[in-house]
Amino acid sequence: MTEIHGFIKPSRRPGELGIHSLDQFHFVVPDVAVARHFYSEFGLDVQEKGAVLTVNTQGHPHQWGTIGEGSRKKHGYMSFGAFEDDIVGFSERLQSMGIRRLDPPPGVDSNGLWFQDHDDNLVEIKVAPKSSPNEKTQFGVRAVGPGKRGAPFRSTMGRTHPRRLAHILMFTRDVQNAIDFYTRVLGMRLSDHSGDNIAFLHGIHGSDHHMIAFARSNAPGVHHLSWDVGTVDEIGEGAMHMVGKGFSKGWGLGRHVLGSNFFHYVQDPWGSFSEYSADIDYVPSDCDWPAGDFPPEDSFYAWGPNVPEDFVHNYEA
Ligand SMILES: [Fe+2]
């Protein structure tokens, strides 16, 4: 067999059925031009493709999501990637659990399995390349030896371009129902949670500490999309750039406890957030991560500024 140069075999936990990646998100906003401006300034590669915007990260072939037009900002669907030889198993699982299969949304060309989750969110499981990382993502510190300048000059500082979509945080009416559904149906594992306030789930075939997380609310909706960068400097540079473009509301710089990532959240024009994230914990495919239940004090952030009043407000409710 010919080996493809640079191809890294996706990591896989043998003998267990579970999705491997959060393949794509889709949501709608009232004006896609506003979305294009916001996410381009955030450092993403946003293109118009027919009626939707496609969202990529620069230099990465994967399309992380699409944004369409609607009367107000609203979550559309999430597509999860699975290995090709697992699709029959997922189809049988849906059937045995009595979960009704649905048609793909109009205009979406797909041969994946579509259904609704515990909150009636539209979900797809489809065959896709593993876009979740196969090892802990590289994180660097710009540290120099004695006799050298360490900090970048403002005048020559580059733009921040995230490397990949890291995770999505969804509001849910019931965190325990979310845990049950996404572990039993999609085959994910619970990483950690804080009572019935928030829960973090990872993929069993090697993924970040969370690929998806759920926070309690009175309705479903997207709280934030998280984008991976390689240094704390890039978080700061990205945040400063967004302030310069008028997107000054947000939260950061700080460090989460569950997941451990350094963060800065930028509030988008619809009240939800985009997160610059660096150095999140990683759960390899052969690791049984010891899921914990932590009190609020030990589950949110280790350090950072005060949390904005509307940080957990669900503007989609
Ligand atoms: Fe996050």
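Basis for what follows: all heavy atoms, side chains included, without hydrogens, waters or symmetry-related copies. These figures come from a predicted structure and were not determined experimentally. Note that ligands are numbered from 1 as they come in the structure, with each ligand's atoms numbered from 1 the same way.
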Please find the N/O/S atom of H167 nearest to the Fe ion (ligand 1) and write down its name.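 This residue's closest N, O or S atom turns out to be NE2.
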
With the Fe ion (ligand 1) as the reference point, give the N/O/S atom of E275 that is nearest.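 So the atom name we want here is OE1.
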
Give a yes/no answer: is there an N/O/S atom of H256 under 2.8 Å from the Fe ion (ligand 1)?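 Here the distance criterion (N, O or S atom, under 2.8 Å) is not met by H256, so no.
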
The Fe ion (ligand 1) reached by H210 (N, O or S, under 2.8 Å):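 Of the N, O and S atoms in H210, none lies under 2.8 Å from the Fe ion (ligand 1), which means no.
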
Would you please test H167 and D208 for side chain to side chain contact (heavy atoms under 4.5 Å, CB included) and show each step? CA-CA 8 Å; H167 57 264; D208 289 342; 5.5 Å; no

Is K73 positioned over the aromatic face of F27, cation under 6.0 angstrom from the ring centre and no more than 45 degrees off axis?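 Relative to the ring axis of F27, which defines the angle, K73 lies inside both limits.
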
In Å, rounded to the nearest 0.5 Å, how long is the span from CD1 of I179 to CE of M188?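 Here the rounded value is 12.0 Å.
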
Report yes or no: do T137 and D228 form a side-chain donor-acceptor pair below 3.5 Å?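 Note: T137 and D228 side chains miss the donor-acceptor criterion.
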
